[in-house]
Amino acid sequence: MASEKSPAAIFAFIWVISVSCNLLSSSTSSSEADALFKWKSTLQSHSLNSWSLTSGTNTSPCNWTGISCNDAGKVVGISLPNASLQGQLNNFSFSSFPDLLHLDLSSNSLVQIIPTHIMNLSKLAFLDLSSNQISGAIPQEIGNLMSLIELDLSDNFLTGSIPSTLCDLTMLTHLSLSRNNIVGSIPTQIGNLKDLTELKLAINGITGSIPSTLGNLTKLTVLRLFNNQISGPIPLGIGNLKDLVDLSLLMNNLTGTIPETISNLKKLTRIGLSENQLSGSVPEGITNLTQLASFDLGSNHFSGHLPQQICRGGSLENFAAFSNQFTGPIPESLKNCTSLTTLRLNENWLTGNISEDFGVYPHLEFIDLSDNKLYGQLSPNWGECRNLTRMQMSRNAILGSIPPGFAQLTKLAVLSLSSNNLTGEIPKEFWKQASLLNLSLNDNRLSGQLPPEIGHLSNLQILDISNNNLGGPIPEQLGNCSRLNYLKLNGNGLNGSIPFQIGNLVDLQIVLDLSNNSLTGEIPQQLGKLDKLESLNLSHNMLSGSIPSSFEGMLSLSSVDLSYNELEGPLPENNAFKNATKYAFINNKGLCGGIQGITPCNSSSVNKSGSMKGYKIAIIVIVPLLGLLFSLFIIVRIISFTRRRARMISLTQGRESNLENEVNDGDIFSIWNYDGRIVYKDIIEATEGFSDKYCIAMGGYGRVYKAELPTGQTFAIKKLYPMEGDQKSFRSEIQALTAIRHRNIVKLYGFCSHASHEFLVYEFMQRGSLFAILNDDGGAVALDWVNRINVIRGLAHALSYMHHDCTPPIVHRDISTGNVLLNSEFEASISDFGTARFLEHGSSNWTVVIGTYGYVAPELAYTMKVNEKSDVYSFGVVVLEVMMGRHPGELISSLFCTHFQNILLMDVLDQRLPPPTDENANEIVLAMFLAFECIRANPQSRPTMQTVSKELSANRIQLQEPLNSIAMDQLLNPEM
């Protein structure tokens, strides 16, 4: 029988075991510290100064920044969001952390792929790699992380499809893959994730339909699939998701009707279905959703009546049903829906008496009823809606006068009542609305005069009172409206002279139109101070004297019309005048200049009748001769054309190598994925042979037409001008757009190179150019701060892709707001690649200066060597224009002036929008800061677009002071 151990022996045994355990723990801790420190050494940048293995210090990582350990001293958590990490995950030894539960590396600059050895973290419950620059596909091995509860890979550059193995993670409650480049369909196995409460797959390229198995996810509270290419119907099983609070399916290609089962989702507070192809009527059962705060049906094909009790629960704040085919009256429940902040019913066929349909809305900020069939008079009740900032009721049949009570709307920024039947005078009280940014009352029957009080509208940027019955003189006080950039008073009965104070409106940029009035006297010299002005129309008046010589300094002027006046003397030496046709100056007293059809300016031609007779004789002889030659030319062309036969060439991926030969053949129809000959015929028919009424834009290389095909598809057709005979721009655009694919680059569907037509076929962008939107007050207000930041991010991602992910890199060379197009949801795409150039390694890459005036990098004027930095400069100018709402030329020229230091950021931001919220402020300051970095005079000091793209995604700026106290010169400090 064994003897009992002494107490000393037992103590010694325990001591040995304790020491062994401590040594083992210390060894494990040291191994984890080594792995962490080794990864740190591979990073290009970081904020991990506390991570140290210096001799004599505690090498345990448990006290390091972002590291947490369990009681045994083993690492269980790594949390390093916004830690300025720049490097790769592939260098991280995940196998060294078998007990890791929590890994958060979000909002950094990690690049390349997700390594497969991350799957060694078998206990991992939380993984967040969002807001990095990670690319490649999601590895199939992700299905091995069986303990995962939350997975966030959003805001990266992930490609490929969603792996079906991800659906094996049955413990998941949160899954976010939004804002990537993921394609393919949603796996049907998604229904296995029955514990999911949040599913976010928005802003990708996902196709296919919504799987019916989604109805199995009965614990879902958030479902966000917006901004993809998902097609097919909304599944009936969606009615099973009875805990759903947020349903966002907007910006897809969904078809069919809203299923009746959606009325089962009693907890819904938000429904987003806009920008789809949905049709039919809205189920009346939708009114049972009494907690709805936001309901967006815009831009679909819905018909029938709007649900009459849509505000039954009294919590509806945002209701949008614009751009549909709704008929009948405005819902009865909206009359007393006092919770409303936004109401958009524009572009429908709604009827009813507008004076009876609305009451008083204490919270209403934005209402748009334009483009309907509403009638009646404007109710004085609108004057009680004291929070109104935007009111649009254009293009209806509204009668009567503007109520004086509108003067009480002290926050009103946009008032558009154009194209109605309004009569009477504009109330005098109205001219004291200092908050007004846009006043559009054009195309009515308003009478009276413009009073001197108009000068009180100190913030007004758009004034359009054209085509009314106004009389009297233009008040000189109009010159006090110093922020005006759009002024149209044409089509009235205004008389007297043009006040010279109009020349004080130095921000006038888009248009000054005083045509079709009864104005007399001379054109003031001071109008030459309007050096930003692009369009000037003074035609159909009784103006006399000469055109001021100061007009030669109006370098931004691109369109001018002075016809039907009594002007005489020489035309100014200005490009707008040189490039104009004679029709801009006909029916005047005696204008002369170097324009075809206008008498040259010399003594013999202007003063000597004998010489004039000689010119008449020459014309009598030459014109018939030219007509004969032209007729012969046409006959030869017709004969040549009838001998030609259009031939079809199939176009697939990989055909780029033959592109130049194909284009040079000069007789090609190539429409990708379609029968080219049929689409060619459809395009010609849809545009009625490229009739002007289908023209939606004009550029330096051609016109753009809207073509709605019988298939229901809509394309934008860019038809090149005949003078582009060398086809250089044509080939450049095709070569560039067939080599690249990005969600923020306009899609090219095909082209036609034929003797009679030469055009390109693009996706149709519903909202047109960024330039047009910023210069239309209604569009500019709709382009709110969130949309503007998204536009900037999209452009940065696209340029980063072109410069850094394409081989060889592609430089656009003409980035401007005119070459940025927006779809219906304000997502931006770069267009017009006619000047794009591939940067071949080892090539000189010399070029002539190409680009839009005001956006071209200054160094191109003397180096003429193209590289990515020229696009970076242009991007910076565009960002400033987006933030300011106007071209930043004056701001750029004053950057280093002393008075610049006294300018507040809030003073240069677009005043048409409400002040940014706190959540927007960081992003706005970051965008402005990066813009100034991009427009640095030294090209080498500018950041790369890859850096800009990363910074915009990470958004590391955290303001330490209110936005309204930040001065502009602070943004020039790189240490901010």
Residue pair Gln461 / Arg912, side-chain donor-acceptor N/O under 3.5 Å: yes
Backbone of Phe551 reached by a side-chain donor or acceptor of Asn574 within 3.5 Å: yes
Parallel, tilted or perpendicular: ring planes of Phe157 versus His797, cut at 30 and 60 degrees: perpendicular
Under 3.5 Å donor-acceptor, Thr159 side chain and Ile182 backbone: no
Spacing of Ile510 atom CD1 and Ile462 atom CD1 [to the nearest 0.5 Å]: 8.0 Å
Minimal non-hydrogen separation, Arg743 against Gly205, with atom names: NH1-N, 4.2 Å
Ser84 and Ser45: side chain donor to acceptor below 3.5 Å: no
Which residues share a salt bridge (charged side-chain N to carboxylate O under 4.0 Å, His left out) with Arg788, sequence neighbours left out: Asp910
Arg793 and Asn744: side chain donor to acceptor below 3.5 Å: no
Mutual orientation of the aromatic rings belonging to His887 and Tyr855 [parallel < 30°, tilted 30-60°, perpendicular > 60°]: perpendicular
Interatomic distance, Ser482 atom OG to Leu457 atom CG [nearest 0.5 angstrom]: 11.5 Å
Pairwise distance OG(Ser829) to CG(Leu821) - rounded to 0.5 angstrom: 7.0 Å
Arg942 NZ/CZ over Tyr873 ring centroid, <6.0 Å and within 45° of normal: no
Check: Leu85 main-chain N/O paired with Asn108 side-chain donor or acceptor under 3.5 Å: yes
By salt bridge (charged side-chain N to carboxylate O under 4.0 Å, His left out) - contacts of Asp155 (at least two apart): Arg179
Exam field: side chain Glu763 to backbone Lys747, donor-acceptor pair closer than 3.5 Å: yes
Note, His803 side chain near Asp871 side chain (heavy atom, < 4.5 Å): yes
Nearest-0.5 Å distance that lies between atom CG in Leu484 and atom OG in Ser458: 10.5 Å
Geometric class of the Trp39/Trp51 ring pair [parallel <30°, tilted 30-60°, perpendicular >60°]: tilted
N/O donor-acceptor pair under 3.5 Å between Asn485 side chain and Gln509 backbone: no
Pair Asn180-Asn156, side-chain donor/acceptor within less than 3.5 Å: no
Value rounded to 0.5 Å, distance of CD in Gln86 from CD in Gln44: 5.5 Å
Check: Asn787/Asn790 side-chain N/O donor and acceptor closer than 3.5 Å: no
Ion pair check, Glu825 and Arg767, cut-off under 4.0 Å: no
Separation between CZ of Phe875 and CD1 of Ile815, rounded to the nearest 0.5 Å: 9.5 Å
Worked check of side-chain contact (heavy atoms from CB on, under 4.5 Å) between Phe764 and Ile696: CA-CA 11 Å; Phe764 178 70; Ile696 56 176; 3.8 Å; yes
Glu881-Thr817 side chain donor-acceptor pair, cut-off 3.5 Å: yes
Asn823 side-chain N/O to Gln766 backbone N/O, donor-acceptor pair under 3.5 Å: no
Salt-bridge present (Glu573, Lys578; N to O < 4.0 Å): yes
Backbone of Asp814 reached by a side-chain donor or acceptor of Asn819 within 3.5 Å: yes
Lys532: partners by salt bridge (charged side-chain N to carboxylate O under 4.0 Å, His left out), with sequence neighbours left out: Asp507, Glu890
Side-chain (Asp776) to main-chain (Ile773) donor-acceptor, under 3.5 angstrom: no
Under 3.5 Å side-chain donor-acceptor pair for Thr917 and Asn920: yes
